[in-house]
Amino acid sequence: MKIFDTLSGNEKEIDSSGKVRIYLCGVTVYDESHIGHARTIIVFDILRRHLESGGIEVELVQNFTDVDDKIINRAKRENVLASAISSRYIQEYYDEFDALNVKRAAKYPKATEHIQDMLNLVQGLVDKKIAYVSKNGVYFSVAKFPDYGKLSKKKTEDLISGARVEVDQAKNDPLDFALWKFSDSDPSWESPWGRGRPGWHIECSTMSLKYLGENFEIHGGGRDLIFPHHENEIAQSEAYSNKPYAKIWMHVGMITIDGEKMSKSLGNIKSIKSLLKSWSPNVLRIFCIAGHYSKPIDYSEELLKEHETNWNKARLAYHKLIQTEKDGQPIEDIDSTLSQIKSEFSKAIDENLNTHMALSAFYRLVTICLVNEEHLTKSLSEKIISIFEEMMNVLGLRIEKVSEEEKVHIQSLIKQREEFRQQKKYEEADGIRDKLAAKGIELKDEIHQTIWMKKE
RNA sequence: GGUGAGGUGGCAGAGCGGUUAUGCGUGGGCCUGCAAAGCCUAUACAAGGGGGUUCAACUCCCUCCCUCACCUCCA
């Protein structure tokens, strides 16, 4: 499988000779997660699911940044400890991403639980004289790392001339960044250089090294992390280990709203929590993967509605498949069509995670079910169901199953209702429909049969 | 100002040097106790502007214009 590598600017084959180790930069837990976070995480979820479906072992590590100025400010405002804020939002994170059917990572390391590891790394950089101690903290000396800028394609001269680089008297060079910041207030830890807390970038270098080793397969996150976060991570990690850091850098595009990036400061956030109130997790997932991951997606209700329409068709098709009992002559050439769709689907994902194309293959399968209803036989349905479920599994889409017992019950009610309808006792028939609706089962009358569907 | 990614039919969006992607929407029809859906059919002569390369460009090259992101914390 190939992925576009930001560092080399080319698509690169993922080294799957062994376990595929992936480090994903997670969220800073100071507030609710939004659909932009969800997009990045869902994209990596699909990457992981696809590799795993091909029998490749994946080890995904995703951090929580739980020490940060925003967390501290919020804690002050609410007059609680910083850890109270971070643990609240970590819990919400789990609740929401479980609801979105995102597979749990192998490990969710927290910065605050790796202070000593970070200090060791800083010590290594100080020993090598790549980091230095100033009055505000310990800084990384960018000038000592000649490759600085290779990921974001920036020249250090350009960065210096850019007026937006913060001027800080405590630094030797305006480009230098903090590895350790001196501070006495909560949260803070002792260090050989003075009490304080870690800089942002050091946690990812430390925790990826600790859990995935020196030269792991994929490192990623949102596009907005390329600079300075990932650039600085490379500098620290490679200066420390003298070895190349990640083999592939993968970055996911932003979600915009009215053409502007979704961000807290603009106040145009769509939180996952609020979106889950109006849209099913499946629709939200489709929304996040309907365009290519490298490009931005502009949020709109209309777009969500469109995906909901499409997804409803898929649900209908699936329910038809599982309710097909009849036998007969299947469609000609169906096997070759099915295998074609199947291979198109996985090829699309193999080629730089083209989920858009994969999704269109999936919808083609849906259309086959809806158009060829007359020819759908039990054996054919079973065949299609297995492909259908395979695809849903890779995309992380999920249709709730009903128990055998419940199924029998629904069928008998449908049969009863059918009898009422034959006798034109519509009130009774509608009564049954309402009764099922109350249980989350909706009915669709068709010419030869009534299809039931689990509501979402 | 620098760096990167883009500009495709009403909207969303891929692929591809030469054969209408597709979906949504919209019009018409079928089906139908109602409901909801579904199916059929029609519909867009799309490629930011200007140059080039080529027998042939939406697809490659140059140039101009525009949009977005990053250059400060950010998925």
Side-chain angles (χ1 to χ4, degrees), chain A residues 4 6 9 24-28 30-31 33-44 62 65 68-70 73 149 151-155 157-166 175 177 200 220-229 231 251-256 259-266 287-288 290-292 294-298 300 302-310 312-313 315-317 320 348 351 354-361 363-364 366-367 369-374 420-422 424-427 429-430 433-434 437 442-448 450-451 453:
Chain A
F4 183 86
T6 310
L24 172 59
C25 285
V27 294
T28 301
Y30 74 104
D31 205 346
S33 299
H34 59 71
I35 186 72
H37 301 122
R39 180 188 189 191
T40 298
I41 287 158
I42 286 167
V43 164
F44 275 83
Q62 180 187 329
T65 298
D68 165 89
D69 288 351
K70 276 182 275 200
N73 292 339
L151 180 72
S152 56
K153 320 283 183 240
K154 290 181 193 302
K155 297 192 187 101
E157 307 92 82
D158 295 339
L159 284 168
I160 292 164
S161 63
R164 296 172 75 182
V165 176
E166 166 200 0
L175 294 185
F177 55 90
W200 175 31
R223 289 205 86 82
D224 53 351
L225 297 183
I226 294 173
F227 191 91
H229 186 233
E231 193 69 62
H251 292 102
V252 180
M254 299 292 101
I255 290 190
T256 59
E260 274 187 317
K261 182 177 160 186
M262 193 176 277
S263 76
K264 293 268 157 65
S265 47
L266 288 165
F287 169 80
C288 288
H292 190 86
S294 62
K295 290 191 182 179
I297 295 177
D298 200 42
S300 73
E302 290 69 33
L303 198 50
L304 277 163
K305 245 174 232 155
E306 183 179 327
H307 294 311
E308 186 172 62
T309 304
N310 288 330
N312 282 340
K313 270 196 196 183
R315 288 169 57 226
L316 178 65
K320 269 190 182 176
E351 282 170 16
N354 193 336
T355 47
H356 180 270
M357 266 181 90
L359 211 46
S360 71
Y363 285 136
R364 219 135 52 76
V366 167
T367 304
C369 303
L370 298 177
V371 171
N372 296 295
E373 195 193 338
E374 301 290 313
F420 283 131
R421 289 177 74 207
Q422 304 262 309
K424 298 203 191 311
K425 292 184 178 165
Y426 295 121
E427 258 176 49
D430 290 351
R433 185 163 63 196
D434 294 343
E442 49 187 325
L443 300 183
K444 315 243 177 228
D445 291 330
E446 304 200 332
I447 317 166
H448 301 299
T450 295
I451 299 287
M453 259 167 83

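Per chain, numbering begins at 1; letters A, B, ... match sequence-line order.
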Give A:T6 one of three labels, base, sugar-phosphate or nothing, depending on what nucleic acid heavy atoms sit under 4.0 Å from its own.
nothing

Could you work out the separation of B:G1 and B:A56 based on their C1' atoms and round it to a whole Å? 41 Å

A:K305 vs B:C11: side-chain N/O to OP1/OP2 distance below 4.0 Å
no

- Message: What's A:K154 touching, base or sugar-phosphate or nothing? Going by heavy atoms closer than 4.0 Å.
- Response: base

Pairwise P distance for B:U59 and B:G48, with rounding to whole Å
8 Å

Heavy atoms only, 4.0 Å cut-off, all strands: where does A:M254 land among base, sugar-phosphate and nothing? base

A:D69 atom CG is separated from B:U72 atom P, nearest whole Å, by 16 Å

Pairing partner of B:G38, by Watson-Crick or G-U wobble and under 3.5 Å for both distances, is B:C30

Pairing partner of B:A57, by Watson-Crick or G-U wobble and under 3.5 Å for both distances, is none

inquiry  = Using a 4.0 Å heavy-atom cut-off, does A:G221 contact any base of the nucleic acid, only the sugar-phosphate backbone, or nothing at all?
reply    = sugar-phosphate

- Task: Check whether the side chain of A:R223 and the base of B:C68 form a donor-acceptor pair under 3.5 Å.
- Result: no

A:H229 atom NE2 is separated from B:U72 atom C1', nearest whole Å, by 14 Å

Here the distance between atom P of B:U72 and atom CG of A:L266, to the nearest Å, is 17 Å

**Message:** At 4.0 Å (heavy atoms only), tell me whether A:K155 reaches a base, stays on the sugar-phosphate, or touches nothing.
**Reply:** nothing

(Q) Mind checking if A:H292 touches a base, just sugar-phosphate, or nothing, with heavy atoms under 4.0 Å? (A) sugar-phosphate

Inset, instruction - Identify whether any heavy atom of A:V27 sits under 4.0 Å from a base atom; if not, whether one sits that close to sugar-phosphate; answer base, sugar-phosphate or nothing. - result: sugar-phosphate

Against the side chain of A:D445, the closest entry in B:A35, B:A21, B:C24 is B:A35

Between CD of A:E373 and P of B:C30 the distance, given in whole Å, is 19 Å

(message) Suppose you measure atom P in B:A47 against the same atom in B:A42; what distance do you get, rounded to whole Å?
(response) 23 Å

Using a heavy-atom cut-off of 4.0 Å across all strands, would you classify A:D430 as base, sugar-phosphate, or nothing?
base

To the nearest angstrom, the CG-P distance between A:L316 and B:A37 comes to 11 Å

Which part of the nucleic acid, if any, lies within contact of A:I41, taking any heavy atom under 4.0 Å across all strands shown: a base, the sugar-phosphate backbone alone, or nothing? nothing

Do A:T65 and A:V27 touch side chain to side chain, with heavy atoms closer than 4.5 Å?
-> no

Between A:D224 and A:N312, the residue closer to the 5' end of RNA chain B by nearest nucleotide is A:N312

- [ ] Provide the distance between the two C1' atoms, one in B:G49 and one in B:C66, to the nearest whole Å.
- [x] 10 Å

Polar side chain donor-acceptor pair, A:D68 to A:T28, under 3.5 angstrom:
no

Out of B:C24, B:A75, B:G33, minimum distance to the side chain of A:A429 belongs to B:G33

By the 4.0 Å heavy-atom rule, please label A:I447 as base, sugar-phosphate, or nothing. sugar-phosphate

For B:U43, the nucleotide meeting Watson-Crick or G-U wobble distances (both under 3.5 Å) is B:G25

Sidechain N-carboxylate O distance under 4.0 Å for A:E231, A:K154: no

Q: Would you mind classifying the nucleic acid contact of A:M262 as base, sugar-phosphate or nothing, using non-hydrogen atoms under 4.0 angstrom?
A: base

key: P atoms of B:U63 and B:A5, separation to the nearest Å   = 15 Å

Mind checking if A:G9 touches a base, just sugar-phosphate, or nothing, with heavy atoms under 4.0 Å?
nothing

The Watson-Crick or G-U wobble partner of B:C16, with both key distances under 3.5 Å, is none

So OH of A:Y30 and NZ of A:K70: to nearest 0.5 Å the spacing works out to 4.0 Å

Rounded to whole Å, CG of A:L175 lies from C1' of B:C70 at a distance of 15 Å

message: What's the gap between B:A44 and B:G27 when it is taken at their C1' atoms, as a whole Å value?
response: 13 Å

- Query: Is A:K295 near enough to B:A14 that one of its side-chain N or O atoms lies under 4.0 angstrom from OP1 or OP2?
  - Reply: yes

Exercise for review: Answer yes or no on whether A:K313 is positioned over the face of A:Y363, meaning its NZ or CZ is under 6.0 Å from the six-membered ring centre and within 45° of the axis.
Suggested key: no

As its Watson-Crick or G-U partner within any shown strand, both distances under 3.5 Å, B:G4 has B:C68

So CZ of A:R315 and CD of A:E442: to nearest 0.5 Å the spacing works out to 5.5 Å

A:N310 atom CG is separated from B:C24 atom P, nearest whole Å, by 5 Å

(Q) Would you measure the distance from the C1' atom in B:G28 across to the matching atom in B:G17 and give it in whole Å? (A) 39 Å

Regarding A:E442, tell me which of base, sugar-phosphate or nothing describes its non-hydrogen contacts under 4.0 Å with the strands shown. nothing

Whole-angstrom distance between B:A36 and B:U22, as gauged at atom C1'
26 Å

Would you say A:T28 places a side-chain N or O within less than 4.0 Å of OP1 or OP2 belonging to B:A75? yes

- Task: Taking only the side-chain nitrogens and oxygens of A:K425, find out if one of them lies under 4.0 Å from OP1 or OP2 of B:G33.
- Result: no

Handout entry: Touch class at under 4.0 angstrom, heavy-atom based, for A:R364 against every strand present
Key = nothing

Taken to the nearest whole Å, CD/A:E231 to P/B:G4 is 13 Å

Closest to the 5' end of RNA chain B, once A:I255 and A:F227 are matched to their nearest nucleotides, is A:F227

So, does A:K261 get its side chain near the phosphate of B:C70, meaning an N or O under 4.0 Å from OP1 or OP2?
yes

With the side chain defined as heavy atoms from C-beta on, A:E260 is closest, among B:G38, B:A69, B:C11, to B:A69

